[in-house]
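Residue numbers start from 1 in every chain, and the chains themselves are labelled A, B, ... in the order their sequence lines are given, proteins ahead of strands.
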Number of protein chains: 2
Amino acid sequence: MKRFSAQRQAVLEAVSSTKCHPTADWVYDEVRKIIPKVSLGTVYRNLADLKAEGNIIGFTDSSGVEHFDATTLPHLHFQCTECGKVIDVPGVFVNTDANEALNQLDTEVCGALFLYFGKCSECKNIN
Amino acid sequence: MKRFSAQRQAVLEAVSSTKCHPTADWVYDEVRKIIPKVSLGTVYRNLADLKAEGNIIGFTDSSGVEHFDATTLPHLHFQCTECGKVIDVPGVFVNTDANEALNQLDTEVCGALFLYFGKCSECKNIN
DNA sequence: ATTGCTAATAGGAACTATTACTGTTAAAAA
DNA sequence: TTTTTAACAGTAATAGTTCCTATTAGCAAT
């Protein structure tokens, strides 16, 4: 049934190979090193499929660009407003007050995005 | 110096008039009811200016579209993945564990986006 | 091996939200 | 009034993403 093509494998390996929370474009460049004729559409589709299957996660940053991450365990992200870099915020637990409030709103929560922004250690010291 | 034009006022009033967390497009439609010849570029520029001045806040949803909000006090948002609607999650305090972790990363935090998603009470009961 | 079926592909067009550019208008300053 | 300049309308351009069409490649049953 499900066919794990060379393209899909290359996409998954590209995302897994880095901690830089890559964008579709970065993955495209990376996959082209292995499969030079790969299509950008194929990269997008495979990223979407891998995300739907739960093999990777994806989140949209404050400028509307989607980033992907092979670490599917829940964690927070920080994005530098200067250089755009996204890094992990480790070991943080989110309080559960929200769950109560969301229950009261009669919603069915299936995910959450927690994204901090500011200046990273490098950009902070430049300006 | 700063000129508070009719266009800017209409933009601010449009955002303030609703709790629906409108997009630039919604604001554009609303402002055109008052100033039919207003330009979409003007709406975008004024939204950006009002945001920079702190009169409104803006946040990007999971599909990369920016939403605006005249309630500048910190609060959380929930977006329905079915109908796209954004609603407030009231009375939730965010724990401070993240601050420690972010300090250890030597970052200078200036904001955060907390966005839950799932099905709202209406869409939940349809499917 | 050949056929038929379907998933997956390459390539590119199309779409959407947003930004940038180019005169023009109108408010404030001189 | 004249000058200056912020803000404007209208439009072109951009970036990220999705959609479309013809083609290719893997699998199952003949």
Picking from dT9(C), dA9(D), dT18(C), the nucleotide nearest the side-chain atoms of Ser5(A) would be dT9(C)

Asp29(B) and Lys33(B), any side-chain heavy atoms less than 4.5 Å apart: no

Between Phe78(A) and Phe114(A), does the ring centre distance come in under 6.0 Å? no

CD1 of Ile35(A) versus C1' of dT24(D): gap in Å, rounded? 14 Å

What is the distance, to the nearest angstrom, from the NZ atom on Lys37(A) to the P atom on dA8(C)? 21 Å

Using whole Å, what does the distance between atom P of nucleotide dA17(C) and atom OH of Tyr28(B) come to? 13 Å

Please report, rounded to the nearest Å, how far the C1' atom of dA15(D) is from the NE2 atom of His67(A). 13 Å

Hey, which sits more toward the 5' end of DNA chain C by its nearest nucleotide, Gly41(A) or Arg45(A)? Arg45(A)

Could you tell me how far apart Leu40(B) (CG) and dA20(C) (P) are, to the nearest whole angstrom? 14 Å

Can you check the Gln9(B) CD to dA26(C) P distance for me, whole Å? 18 Å

In terms of side-chain heavy atoms of Val65(A), which of dG16(D), dG11(C), dA8(C) is nearest? dG16(D)

Which whole-number value in Å describes the distance from Tyr44(B) OH to dA12(D) P? 18 Å

Salt bridge present between Asp106(B) and Lys124(A) (N-O < 4.0 angstrom): yes

For the residue pair Thr23(B) and Glu66(B), establish whether any side-chain heavy-atom pair is separated by less than 4.5 Å. no

Mind checking if Asn46(A) touches a base, just sugar-phosphate, or nothing, with heavy atoms under 4.0 Å? sugar-phosphate

Nearest whole angstrom, please: distance from the P of dT19(C) to the NZ of Lys51(B). 9 Å

